[in-house]
Amino acid sequence: MKRKVTKAIFPVAGMGTRFLPATKSVPKEIMTLVDRPLIQYAIDEARAAGIKEFIFVTSRGKGALEDYFDHAPQLEQELRKKGKTELLDIVKSTNMESGAIAYIRQHKALGLGHAVWCARRLIADEPFAVILPDDVIAADKPCLQQMVEAYAETGGNMVAAMEVAPESTSAYGVLDVADDMGALVKVRGMVEKPPVDKAPSNLAVIGRYILSPDVLCNLNKIKSGAGGEIQLTDAIAAEIAQNRGVYGYRFRGQRFDCGSKSGFLQATVAFGLAREDLRDDLSKYLRDIVHMDQAAE
Ligand code: G1P
């Protein structure tokens with residue numbers, strides 16, 4: 001039975017050590033691309049896909065995330081009083097309906113699969129989405145919305161997929177493709193972070209998933225996998241073993257790996273250039289430094 005996907009899990013428990021010292025006191029997900037926190041992009045994408053319930057799997061030190069999604073009546077009043085309606089609209093657009101967000105703590109850092117499993121009681125018996133806010137995807141139609149539309153046809157389980165350089169496969173979940181239908185691929189196996197010479201393809205899993213609640217049962221049973229962690233990839237692969245469908249979906253859009261500094265900077269430039277109020281200044285600056293570089297060569 002295919003059902004509407006209305007719940008999404010956002011695993012945000014990670015310590016963000018790659019962004020130290022900033023992440024000593026700021027959750028990584030609050031770090032901004034231009035002026036919007038990473039997590040806001042994930043929430044906007046989920047909303048566009050029809051998600052109504054937002055489940056955050058957090059950890060100690062993530063209080064700023066909860067504050068961010070709280071309403072800010074004083075700030076709103078101040079902006080209203082000063083007639084700053086544009087800013088007021090921006091602030092209000094981040095408000096979430098009361099009760100739409102739930103926070104669950106992952107008490108031990110046992111991996112992505114474990115983080116998702118922590119939300120099992122809130123998911124109960126429904127298909128659900130998982131969004132990894134580190135993977136930011138710029139697209140005309142938001143990635144999860146593309147997937148929800150494809151999922152309406154396939155049911156089963158679906159992961160976002162993208163071709164990566166063969167030497168990078170060891171950083172990803174990698175798909176073993178049974179049937180390549182273009183945007184959609186039917187999957188016959190999945191491996192988490194395989195050594196490069198063992199990767200079944202160079203089609204990598206990107207952080208968007210639509211999963212059947214059966215995956216949560218699989219998570220009850222699986223043992224720790226790559227890196228000693230409970231892997232979501234393994235719980236999805238277990239679906240295939242039970243003859244349930246797993247599909248990869250080649251989304252249309254550009255993915256930025258905001259879990260890495262270089263990816264984060266690239267996303268900052270791309271999102272800056274996409275903004276009307278910044279485009280001219282920023283592109284002039286970029287042209288100038290490229291010219292300077294070329295002149296120096
Ligand atoms: C996670 C998943 C991996 C996936 C990746 C996408 O890994 O475990 O399967 O390919 O996200 O970004 P992480 O990057 O958290 O190590």
Side-chain angles (χ1 to χ4, degrees), residues 1-14 29 37-59 62 65-66 68-70 93-107 111-137 139 141-160 173 205-220 222 230-233 235-236 238-239 244-249 251:
M1 184 182 51
K2 282 177 259 166
R3 282 170 61 175
K4 255 191 117 173
V5 186
T6 59
K7 297 181 179 179
I9 300 176
F10 301 81
V12 290
E29 299 77 15
L38 271 189
I39 194 67
Q40 187 67 54
Y41 291 92
I43 291 282
D44 290 349
E45 186 178 329
R47 276 174 157 165
I51 299 297
K52 304 279 183 252
E53 290 180 54
F54 305 80
I55 303 164
F56 285 76
V57 183
T58 68
S59 61
K62 297 281 178 163
L65 263 176
E66 295 193 32
Y68 177 78
F69 285 113
D70 205 359
S93 73
T94 64
N95 284 348
M96 302 289 282
E97 204 187 313
S98 291
I101 301 192
Y103 300 93
I104 301 267
R105 276 217 180 175
Q106 184 187 23
H107 296 118
L112 177 59
H114 179 260
V116 167
W117 178 80
C118 288
R120 66 199 176 282
R121 293 206 172 81
L122 291 176
I123 297 295
D125 197 24
E126 292 182 32
F128 60 98
V130 178
I131 296 190
L132 309 187
D134 269 0
D135 281 331
V136 174
I137 299 171
K141 183 184 282 187
C143 178
L144 190 65
Q145 192 184 346
Q146 296 175 37
M147 288 172 69
V148 162
E149 288 172 10
Y151 172 82
E153 305 296 319
T154 62
N157 298 276
M158 186 174 286
V159 300
V205 176
I206 300 303
R208 303 289 184 275
Y209 306 77
I210 299 176
L211 301 175
S212 130
D214 296 322
V215 170
L216 298 171
C217 303
N218 301 343
L219 282 167
N220 273 326
I222 61 167
I230 310 270
Q231 295 294 353
L232 185 58
T233 297
I236 302 170
E239 286 288 278
R244 292 192 282 256
V246 175
Y247 300 88
Y249 181 78
F251 55 92

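All values reported here derive from a predicted model rather than from experimental measurement.
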Minimal heavy-atom distance between Q146 and F251, with the atoms involved, is OE1-CA, 3.5 Å
- Message: Is the shortest side-chain heavy-atom distance between I55 and I123 below 4.5 Å?
- Response: yes
When every non-hydrogen atom of C118 is compared with those of I104, the smallest separation belongs to O-CG2, 3.5 Å
Scanning both residues in full, the closest heavy-atom pair of A124 with L216 reads O-CD1, 4.4 Å
| request: Under the side-chain contact (heavy atoms from CB on, under 4.5 Å) rule, what do K4 and K52 come out as? Steps first, then yes or no, please. | output: CA-CA 11 Å; K4 255 191 117 173; K52 304 279 183 252; over 6 Å; no
Separation between CZ (R244) and OG (S212), nearest 0.5 Å, reads 6.0 Å
Looking at side-chain heavy atoms only, is the closest gap between V116 and V57 below 4.5 Å?
no
- Query: side-chain contact (heavy atoms from CB on, under 4.5 Å) between I43 and F56: does it pass, once the steps are laid out?
  - Reply: CA-CA 11 Å; I43 291 282; F56 285 76; 3.7 Å; yes
- If you measure from the Lys or Arg side-chain nitrogens to the Asp or Glu carboxylate oxygens, is any gap between E29 and K62 under 4.0 Å? yes
Interatomic distance, CD1@I39 vs OG1@T94, rounded to 0.5 Å, equals 12.5 Å
Item to complete: Decide if atom CG of N220 counts as having more than 12 heavy atoms of other residues, nucleotides or ligands within a radius under 6.0 Å.
Response: yes
In terms of heavy-atom contacts, P11 and L112 come closest through CG-CD1, 3.7 Å
Any side-chain heavy-atom pair from D44 and P142 closer than 4.5 angstrom? no
query: Is a side-chain donor or acceptor of N218 paired with a backbone partner of A235 at a separation under 3.5 angstrom?
result: yes
I51/L144 under side-chain contact (heavy atoms from CB on, under 4.5 Å): CA gap, chis, key distance, verdict: CA-CA 10 Å; I51 299 297; L144 190 65; 4.1 Å; yes
**Request:** Please tell me if the side chains of M147 and V5 come closer than 4.5 Å, counting only heavy atoms from C-beta onward.
**Result:** no
| query | Heavy-atom distance under 4.5 Å between the side chains of Y209 and I236, does that happen here? | reply | yes
Item to complete: State, yes or no, whether a side-chain contact exists between L211 and L232 at a heavy-atom distance under 4.5 Å.
Response: yes
Ring centres under 6.0 angstrom apart (F54, F69):
no
4.5 Å side-chain heavy-atom contact, I137 and Y41: no
Nearest heavy-atom approach of I131 to A46 is CD1-CB, 3.9 Å
Query raised in the report: Donor-acceptor pair, K7 side chain versus L122 backbone, under 3.5 Å?
Result: yes
Value for CD1 (I210) from CZ (F128), rounded to nearest 0.5 Å, stands at 11.0 Å
*Distance-only, no hydrogens or angles: does the R120 side chain make a donor-acceptor pair with backbone N or O of W117 under 3.5 Å?*
yes
Practice problem: For residues Y103 and V12, determine if any side-chain heavy atom of one lies less than 4.5 Å from a side-chain heavy atom of the other. | Solution: no
side-chain hydrogen bond (donor to acceptor under 3.5 Å, both in side chains) with E45: of Q40, Q145, R208, only one passes, and it is R208
So CD1 of I206 and CG of D134: to nearest 0.5 Å the spacing works out to 11.5 Å
Under 3.5 Å: donor-acceptor pair, side chain of Q106, backbone of G111 = yes
Looking only at heavy atoms, the pair that brings A119 and I9 closest together is CB-CD1, 3.7 Å
